[in-house]
Amino acid sequence: MTGTRPTRRYRIGVLAALLLATACTADPTTAFPPETATQAPLPPGTGSLADVPDVSARLLPSVVKVLAGSGNGSGVVYTADGLILTNEHVVHGASAVQIAFADGRRDPGTVKAVDVDTDLALVQVGRRGLPAARLQPQLPVIGELAIVIGSPLGFENSVTAGVVSGLHREIPGSATETHALVDLIQTDAAISPGNSGGAVVDAQGEVVGISEAYIPPQAGAVSIGFAIPAATATDVAEQLRTTGHARHAFAGLEPAQITSQIATQLHLPSTDGVIITATVPAGPAATAGLQPGDILLAVDGRPTRRPEDFVGELRRRSPGDVITVTVRSPDSRERTAQLTLTDRPAASG
């Protein structure tokens, strides 16, 4: 499936309508600037809408359209020698795609490596001397300018603008289906189907995020979109580039939300906390004595009220790290346990 996905919780029933993509023909008269090195950052700007035209003109050549199967998404030129960074769900199941550049040229691309946990992928094209975008290693500031560049609904070279609305967002209900929708940047700049894998850019012309998801209007949302922080994207992209896979901390347990029905059945005081529904034999959780039915209350002293909180904590850890979890057993006893995290097996969720 391609295009920007709505958050998984809201996908059923609206996905088919939202992901309809149209093929657009780029203007063949548009040309790249001199094909040299990575784009230099713009001088510090005011972060206002007045910066949008200059930033857009510089970054449009670094953002591409990715065509896979019957749909499309977007991508960002990662290296001058032909690596394109996009979302895994844009190229999901494909080994070959087409890349449409801002100068009207289309080149075949090969999916080089993917990472489902962060929903990122690298595509290799044969073209060289591409204008690689500059990815900002620091998080943006809430309220600063956010410019989204991509191909929403197939409309290539589209630009929308807004502000950074929030940081470290974790989408409720997403952890049961994917680990990708945690620790995200929120923006009110319009993100639509087809923006997936495109760039969220600041006033200095640096990519601060890779467009990832949105909550559709059918859910009552108004301009609520999400992006993967550029620092996360760079870390994963470099791992995919050098080893073909990315390492992620693994706790060896399945977290689930405590519903009101579960709270009633287990005589719990509230729905706060994360219930463990399964553990991996000989995994970190099982080795530390955690069992199905235990309730995770905190990680290193920070409350875990939802599965997304726990997944977000793991995202910030590395294999080999030791975390201290606070758990409540079915008999209502609270205790702490130390888990030595391992590398997530490729087939694990």
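Owing to the predicted nature of the structure, the values given are computational and were not obtained by experimental measurement.
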**Asked** For Leu296, which of Asp309, Ile275, Val325 qualifies under side chain to side chain contact (heavy atoms under 4.5 Å, CB included)?
**Response** Val325
**Asked** Pick one: which of Val111, Val63, Val77 meets side chain to side chain contact (heavy atoms under 4.5 Å, CB included) with Ile84?
**Response** Val77
Close side-chain approach of [X] to [Y], heavy-atom, < 4.5 Å:
| X | Y | value |
| --- | --- | --- |
| Leu266 | Ile258 | no |
| Val148 | Asn195 | yes |
| Pro303 | Asp272 | no |
| Glu170 | Phe310 | no |
| Ile215 | Phe226 | yes |
| Val208 | Val201 | no |
| Arg306 | Gln257 | yes |
| Val164 | Val200 | no |

**Complete:** side chain to side chain donor-acceptor pair (under 3.5 Å) with His248: of Thr118, Thr342, Asp115, only one passes, and it is Asp115
**Request:** For Val299 and Thr324, run side-chain contact (heavy atoms from CB on, under 4.5 Å): C-alpha distance rounded to whole Å, both residues' side-chain angles, the deciding distance at 0.1 Å, then the answer.
**Result:** CA-CA 6 Å; Val299 175; Thr324 300; over 6 Å; no
What are the two closest non-hydrogen atoms of [X] and [Y], and how far apart are they?
| X | Y | answer |
| --- | --- | --- |
| Asp119 | Ile228 | O-CD1, 4.1 Å |
| Ile147 | Ser56 | CG2-OG, 4.2 Å |
| Val207 | Ala199 | CG2-CB, 4.0 Å |
| Gly162 | Asp188 | CA-OD1, 3.3 Å |
| Leu240 | Leu120 | CD1-O, 4.2 Å |
| Ser158 | Pro152 | CB-CD, 3.5 Å |

What's the spacing between [X] [atom1] and [Y] [atom2] if we round to 0.5 Å?
| X | Y | atom1 | atom2 | result |
| --- | --- | --- | --- | --- |
| Asp202 | Gln204 | CG | CD | 5.0 Å |
| Leu122 | Arg241 | CG | CZ | 8.5 Å |
| Thr234 | Gln136 | OG1 | CD | 9.5 Å |
| Leu135 | Tyr78 | CG | OH | 7.0 Å |
| Ile185 | Ile210 | CD1 | CD1 | 9.5 Å |
| Ser332 | Leu268 | OG | CG | 7.5 Å |

**Request:** Kindly indicate, with the supporting measurements, whether the criterion side-chain contact (heavy atoms from CB on, under 4.5 Å) is fulfilled by Glu308 and Leu181.
**Result:** CA-CA 8 Å; Glu308 293 73 34; Leu181 300 180; over 6 Å; no
Would you say [X] and [Y] are hydrophobically clustered, going by side-chain heavy atoms of ILVMFWY under 4.5 Å?
| X | Y | result |
| --- | --- | --- |
| Val159 | Val55 | yes |
| Leu83 | Ile149 | yes |
| Leu341 | Val311 | no |
| Val141 | Leu145 | no |
| Val327 | Ile323 | yes |

Test item: [X] side-chain N/O and [Y] main-chain N/O as donor-acceptor pair under 3.5 Å:
| X | Y | answer |
| --- | --- | --- |
| Thr271 | Ser260 | no |
| Arg106 | Gly104 | no |
| Gln124 | Gly82 | yes |
| Gln239 | Arg247 | yes |
| Ser74 | Ser151 | yes |
| Asn72 | Leu67 | no |
| Arg128 | Asp81 | yes |
| Thr279 | Leu253 | no |
| Arg344 | Ala246 | no |
| Thr187 | Val163 | yes |

**Prompt:** Can we say Arg335 and Asp294 salt-bridge, meaning some charged N sits less than 4.0 Å from an Asp/Glu carboxylate O?
**Reply:** yes
**Salt-bridge contact Arg333-Asp331 (side-chain N to carboxylate O under 4.0 Å)** = yes
**Asked** Would Arg127 count as a cation-pi partner of Phe101, with NZ or CZ less than 6.0 Å from the six-membered ring centre and within 45° of the ring normal?
**Response** yes
**Item:** Arg317 and Asp300: CA distance, side-chain angles, deciding distance, salt bridge (Lys or Arg N to Asp or Glu O under 4.0 Å) verdict
**Value:** CA-CA 12 Å; Arg317 305 305 203 281; Asp300 290 338; 2.6 Å; yes
**Item:** Stepwise side-chain contact (heavy atoms from CB on, under 4.5 Å) test for Val66 and Asn87
**Value:** CA-CA 10 Å; Val66 182; Asn87 286 146; over 6 Å; no
**Message:** With side-chain contact (heavy atoms from CB on, under 4.5 Å) as the criterion, how do Glu334 and Leu297 come out once you've worked through the C-alpha distance, each side chain's angles and the decisive distance to 0.1 Å?
**Reply:** CA-CA 9 Å; Glu334 287 190 16; Leu297 301 174; 3.6 Å; yes
